[in-house]
Number of protein chains: 2
Amino acid sequence: MESDPENALIAGGDEIRLLLVDDHAVVRRGLQMVLSLEPDLNVVGEAGDGREALARVADLRPHVVLMDLLMPVMNGVDATRAIKRDHPEIEVVALTSVLEDRLVIDAVEAGASGYLLKETGPEVLCAAIRAAHRGQVHLDPKARRRLVRELRTPEMRESLTARETETLRLVAKGLSNRDIAERLEVSEVTVKTHVSNILSKLAVQSRTQAALFALKEGLVGLE
Amino acid sequence: MESDPENALIAGGDEIRLLLVDDHAVVRRGLQMVLSLEPDLNVVGEAGDGREALARVADLRPHVVLMDLLMPVMNGVDATRAIKRDHPEIEVVALTSVLEDRLVIDAVEAGASGYLLKETGPEVLCAAIRAAHRGQVHLDPKARRRLVRELRTPEMRESLTARETETLRLVAKGLSNRDIAERLEVSEVTVKTHVSNILSKLAVQSRTQAALFALKEGLVGLE
DNA sequence: GGAATGCTCCACCTTTGGATGGAGGATGCC
DNA sequence: GGCATCCTCCATCCAAAGGTGGAGCATTCC
């Protein structure tokens, strides 16, 4: 570990100053514990919401901010945006328990240099912090997949076949697989096959999300 | 049976002339079989789609039309509307295998005097035909429930509590119960309780339908 | 002090949804 | 002909969703 030239370099007085932002004291505690084991990572402060985070950032001038996204008062996305606006040199790593498409997109768009799930292990967490400090972007693999997906323009999405489109249309009307099967006069397994392919092609996780997609795309109207 | 004064009356030369409309020959066959056992019910013709039905109606002047709603060329709802426009005295009984809200509403609104599921037994079927002939409306109990529901104005729907509304909002964004639980910081069982109550209050059958409802009501936007 | 309502949680259970991997027939393209 | 794509169907399996009937606790309202 100490043979790592990079660690040796930054251990020489160039430690990383961290600010923890999370509305749960226990989470901050846990992070403290984990990070205290790393000589080069130095937690210089905490904040319980976005507004507090802004004040701390101005005071403490951390190198990297570990930012929870779902918080009262001011959410992490807005806080990230504000921090990057006022202090572009400070890196923000988003850290949340929920993997939600919009959240990933918004966070990255707001200027986050990383997106981690709270379930990720200490090694990954530390690696992401150091990467951020070097100006690199480190996304959780899951988050990256979501993001890449979203950035693909609609026409880049694998196109649905005629039958799949028909199926999606009925999904978006709220029908169950059984109903769709009767409607299309095929077996329910066939419908499940179609739905499964639809979900995979649209890169969504549930029929409800597929329905929302169909509405967004104007495939069906809202009545 | 022949002690029934009403049957005796119409058996005296006043039989009910029926037109069967369904795109499946086997279904028409089956109906033929069932109805041939009833002396007062006389099938005078068949049609395989809505357009054909219109022609047959003009020719054969049936008293009652048994109309499938899902057909190629011209669907049963449009056919019903056309029949009631040109021949208001002819009664139409909708007969379908799918119980779908919009279909029930559209059929009744188009002028159908009945709505039956194909799974209903012969007795109910015959009773519905005779009721229609007498000018009475006979809906399948399930269909009636759906209709009554729909006719309740939105303000008559049981109102959602604050927490339920919050939950519905997240359902309508495509989140799973687990995601919602994390988001609201409650257990997944609690979310399931809320969702269950939401479905029951809104009188819908799935979270996807609940999501569509929320969108219609403007509870959430489409991004 | 009740009574009612809302929020949270639980256990138990059934149904639905969804993933995976495979298969055959139909069609059309090279 | 061979190849690819699509549509259909199947079995199996696991996870998610949803129903039912409870329960404790806090609040408010009478």
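Just so it is clear, the values below take in all heavy atoms, side chains as well, and ignore hydrogens, waters and symmetry mates. Per chain, numbering begins at 1; letters A, B, ... match sequence-line order. Just so it is clear, the structure is predicted and the values come from calculations on it, not from any experiment.
- In this structure, E185(A) places its CD atom 16 Å from C1' of dC9(D), rounding to the nearest Å.
- Summarising the geometry, the separation between CD on E164(B) and P on dC7(C) is reported as 6 Å, rounded to the nearest angstrom.
- Atom CG in L160(B) sits roughly 14 Å away from atom C1' in dC7(C) (whole-Å rounding).
- For T190(B), no side-chain nitrogen or oxygen approaches OP1 or OP2 of dC7(C) to under 4.0 Å.
- Atom-to-atom, NZ of K201(B) to C1' of dG19(D) comes out at 16 Å; the value is rounded to the nearest Å.
- In this structure, the nucleotide among dC9(C), dC7(C), dC9(D) sitting nearest to the side chain of V189(B) is dC9(C).
- The NZ atom of K192(B) sits 17 Å away from the P atom of dT8(C) (whole-angstrom rounding).
- Contact annotation: S196(B) does not reach the phosphate of dG18(D) (side-chain N/O to OP1 or OP2, under 4.0 Å).
- A close approach under 4.0 Å does not occur between any side-chain nitrogen or oxygen of T193(A) and OP1 or OP2 of dC7(D).
- A heavy-atom distance below 4.5 Å is found between the side chains of V34(A) and P122(A).
- Between the P atom of dA19(C) and the CZ atom of R207(A) lies a distance of 11 Å, rounded to the nearest Å.
- In this structure, CG of L170(B) is placed 13 Å from P of dA17(D), rounded to the nearest angstrom.
- For S187(B) and dC9(C), the shortest distance from a side-chain N or O to OP1 or OP2 is below 4.0 Å.
- Salt bridge annotation for E188(B)-K192(B): absent, with no cationic side-chain nitrogen under 4.0 angstrom from a carboxylate oxygen.
- The V195(B) side chain lies nearest to dG18(D) when the options are dG18(D), dG17(C), dG18(C).
- Atoms CD (E188(B)) and P (dA11(C)) sit 13 Å apart, rounded to a whole Å.
- Looking at I90(A) and K84(A), their side chains never come closer than 4.5 Å, going by heavy atoms from C-beta outward.
- Each of N177(A) and H194(B) was assigned the nucleotide of DNA chain C with the nearest heavy atom; the assignment lying further toward the 5' end belongs to H194(B).
- For the pair T190(B) (side chain) and V186(B) (backbone), a donor-acceptor distance under 3.5 Å is absent.
- Of the two residues near DNA chain C, S206(B) and V191(B), the one whose nearest nucleotide lies more 5' is V191(B).
- The number of heavy atoms from other shown groups lying within 6.0 Å of CZ (R51(B)) does not exceed 12.
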